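Take a look at the structure below.
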Amino acid sequence: MDLRIYNTLSGGKEPFVPLEPGRVRMYVCGVTVYDYCHIGHARANIVFDIVFRHLKYLGYDVTYVRNYTDVDDKIINRANERGISSKQLSEEFIKAFDEDMATLGLLKPTHEPKATEYIGEIVGLTEKLVDKGYAYAAQGDVYYAVEKFGPYLKLSKRNMEEMQAGARIAPGEQKRNPMDFALWKAAKPGEPSWDSPWGPGRPGWHIECSAMSSSLLGDTFDIHGGGRDLIFPHHENEIAQSEGASGKSFVKYWMHNGFVNINQEKMSKSLGNFFTIREILERFDPEVIRFFILSAHYRSPIDFSDQNLDEAKVGLSRFYEALKAADVTLREHPVEEGGTCPQISDSEREAFDCIEALEDRFTEAMNDDFNTAAAIGHLFDGVRSLNRLVGEGRFDTCSLSLRVIQDGAALLRKLGGVLGLFGSEPEQWLAGQKQAGLAGSELSAEDIEGLIEERRLARAQRDFARADQIRDELAGKGVILLDSAEGTTWKLK
RNA sequence: GGCCCCGUCGCCAAGUGGUAAGGCAGAGGUCUGCAAAACCUCCAUCACCAGUUCGAAUCUGGUCGGGGCCUCCA
């Protein structure tokens with residue numbers, strides 16, 4: 001099955017046919033850099049990270065552009081509050097953004113342009129819109145005359161009359177129509193500004209994305225993404241600017257990700273439930289955050305809560321436990337060339353088949369509008385098959401099993417890679433989780449090891465009462481003991 | 001007020017016309033000194049009502065409940 005993408009413009013899933021065979025050009029609205037990123041930014045960027053990864057996995061040559069908007073009212077205001085320049089402020093938060101995205105395991109886009117590096121293109125685009133009659137200058141400002149662009153509101157599916165009912169012209173604005181929006185703003189004292197045919201000024205909000213996307217991807221490109229909240233006005237205005245200027249269709253597929261709620265409430269600063277990525281990372285592993293976000297479809301709302309994050313951690317651990325068990329098995333039983341199996345049991349047959357079908361099932365799910373939730377569900381089936389083969393362990397008579405374990409583990413890593421998951425060394429990751437879990441408790445790893453040794457001696461003397469007492473004591477502190485033929489290990493509940 | 005989305009097992013979450021993936025939790029079993037982990041088995045007819053259809057969680061209408069956008073926002 002081929003890739004299908006839900007297109008906001010048409011309101012349905014459409015077969016994905018790139019403008020140029022084998023090549024995909026995509027643009028995703030990045031951030032306005034005036035503050036630390038919150039968990040909603042994390043979701044948007046992770047979602048488009050896997051879109052990028054999956055397109056590459058399908059074999060496309062992908063050009064991925066994600067911008068920084070580094071000139072804007074909010075940046076100016078925040079910089080003034082702190083008594084630093086807009087440039088200093090934006091550089092600080094570009095750095096923070098880069099750090100956050102790297103921690104979350106995001107691939108670098110092909111290009112990460114900054115609005116301030118495209119002022120020339122922005123001015124050029126604005127002039128073109130004025131020349132074509134889509135825009136007008138007024139006292140140093142330039143506004144887009146929305147009624148001149150026929151298809152306006154085609155993306156957000158609203159109508160002008162109703163929108164106008166609520167629209168107001170703010171004091172100081174020179175708009176002819178309340179719905180018009182600024183392409184260029186005349187400089188006020190203390191604001192960063194650039195020369196232009198209309199005098200010194202700076203870009204309005206939406207124009208930078210039109211300028212950067214056409215510069216780097218051309219007038220028409222395949223995919224444009226961002227959060228739902230950008231549909232109106234940001235993306236609507238981008239369409240008006242880009243299509244007005246070029247006279248060509250702007251974007252073929254519009255993709256928008258859903259919101260993040262916090263404990264069933266809308267995430268908002270006024271409710272005080274706004275979490276930055278940095279705050280979340282203090283308590284949760286970055287891969288757990290990614291796993292959590294990808295466990296729901298990108299267009300659905302997700303509820304960010306400790307319970308849901310804890311569940312994601314348990315789920316991710318299951319993958320790493322299985323990968324670790326497979327690694328250990330393969331270490332102890334080297335795989336021979338051309339595995340054989342004189343008698344394959346039904347149970348083994350089933351596991352073999354599952355692993356064989358895994359990649360197709362995974363790809364099918366991902367091809368259905370990037371259904372990561374379904375894809376992860378299939379991966380869990382792979383885990384069960386792997387665990388079954390590892391657990392049945394008749395490797396002396398069935399070396400084929402070992403081959404399948406090897407292939408299955410490699411496949412899990414490969415497909416996980418499409419989601420940006422399972423890239424760590426299982427033993428290391430699991431150990432890291434244990435260490436992090438222990439951080440807040442009064443127990444140390446040494447304490448636990450000591451008690452395990454004491455219990456081992458008790459068990460050797462068949463003093464099970466004492467052995468169980470130690471185990472219960474540790475269990476009371478959240479430490480679970482796992483006995484095996486090779487000895488006792490522990491994990492956190 | 002206008003536009004739009006959602007309501008699937010205790011919880012999370014796929015499925016958008018052919019008789020409900022997966023994970024967590026739970027029950028039973030194998031294993032174990034006993035456990036844990038792992039594996040095996042079991043566990044929902046899809047908010048409600050009325051329609052369309054041979055057939056609907058999936059389509060239509062309505063009811064109830066929740067949410068979003070319309071100003072900055074991923």
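Quick caveat, the model's predicted, so the values are computed rather than measured. Chain A is the first sequence line, chain B the second, and so forth, proteins listed ahead of strands; every chain is numbered from 1.
With B:C4, B:C11, B:G33 as the candidates, the nucleotide lying closest to the side chain of A:Asp468 is B:G33.
Note on A:Leu230: only backbone sugar-phosphate atoms sit closer than 4.0 angstrom, heavy atoms only; bases stay farther off. Across all strands, A:Ala296 comes closer than 4.0 Å only to sugar-phosphate atoms, never to a base (heavy-atom distances). Nucleic acid contact class of A:Asn257 (heavy atoms, under 4.0 Å, all strands): base. Heavy atoms of A:Asn387 sit under 4.0 angstrom from primed sugar atoms or phosphate atoms, though from no base atom. Residue-level contact check: A:Arg299 touches neither bases nor backbone, having no heavy atom under 4.0 Å from any strand. Within 4.0 Å (heavy atoms only), A:Ser347 reaches no atom of the nucleic acid at all. A:Leu482 comes within 4.0 angstrom of a nucleotide base, judged by non-hydrogen atoms across all strands. Using a 4.0 Å heavy-atom cutoff across all strands shown, A:Arg318 reaches sugar-phosphate atoms only and no base atom. At the heavy-atom level, A:Phe292 lies nowhere under 4.0 Å from the strands shown. Residue A:Asp381 is classed as a sugar-phosphate contact, given heavy-atom separations below 4.0 Å to backbone atoms only. Within 4.0 Å of A:Val260, counting heavy atoms only, lies at least one base atom of the nucleic acid. Residue contacts shown for A:Glu321 are absent, as no nucleic acid heavy atom lies under 4.0 Å away. As judged by a 4.0 angstrom heavy-atom cut-off over every strand, A:Asn371 is placed among residues touching the sugar-phosphate backbone only.
Taking atom P on both B:G18 and B:A13, the two are 24 Å apart, rounded to the nearest angstrom. If you take atom P in B:G29 and the same atom in B:A35, they sit 10 Å apart, rounded to whole Å. Using atom P as the reference point in both B:C46 and B:A56, the two lie 12 Å apart (nearest Å). Rounded to a whole angstrom, the distance from the P atom of B:C70 to that of B:G61 is 27 Å. B:A47 sits 34 Å from B:A37 when the P atoms are compared, rounded to a whole Å. Atom name P, nucleotides B:U53 and B:C48: the rounded distance is 23 Å, in whole Å. B:U58 and B:U45: their P atoms are spaced 15 Å apart (whole Å). Between the P atoms of B:G15 and B:G67, the separation comes to 23 Å (whole Å).
The base of B:A74 sits with one of its N or O atoms less than 3.5 Å from a complementary donor or acceptor on the side chain of A:His38. Judged by atom type and distance alone, A:Arg43 does not reach the base of B:A74 through any side-chain donor-acceptor pair under 3.5 Å. Side chain A:Asp35 to base B:C73: no donor-acceptor pair is found below 3.5 Å.
Ring centers of A:Phe181 and A:Tyr143: at least 6.0 Å apart, outside the cut-off. In this structure, A:Tyr64 has its ring center no closer than 6.0 Å to that of A:Phe48. Ring centroid separation for the pair A:Tyr36 and A:Phe93 comes in under the 6.0 Å cut-off.
Using bins of under 30°, 30° to 60° and over 60° for the plane-to-plane angle, the ring pair A:Trp254/A:His256 lands in the parallel bin.
B:C31 makes up no base pair with any nucleotide shown, lacking Watson-Crick or G-U wobble contacts both under 3.5 Å.
By the 5.5 angstrom centroid cut-off and the 30-degree plane limit, A:Phe380 is classified as not stacked against the base of B:G22.
Look at A:Arg384 and you'll find a side-chain N or O under 4.0 angstrom from OP1 or OP2 of B:G23. A close approach under 4.0 Å does not occur between any side-chain nitrogen or oxygen of A:Arg471 and OP1 or OP2 of B:C34. When the side-chain nitrogen and oxygen atoms of A:Ser300 are compared with OP1 and OP2 of B:A14, one or more of them lie within a distance under 4.0 Å.
Summarising the geometry, the separation between CG on A:Leu155 and P on B:C4 is reported as 14 Å, rounded to the nearest angstrom. A:Lys493 has its NZ atom 15 Å from the P atom of B:C24, to the nearest Å.
Among the candidates A:Glu99, A:His38, A:Met101, the single residue satisfying the side chain to side chain contact (heavy atoms under 4.5 Å, CB included) test with A:Ile277 is A:Met101.
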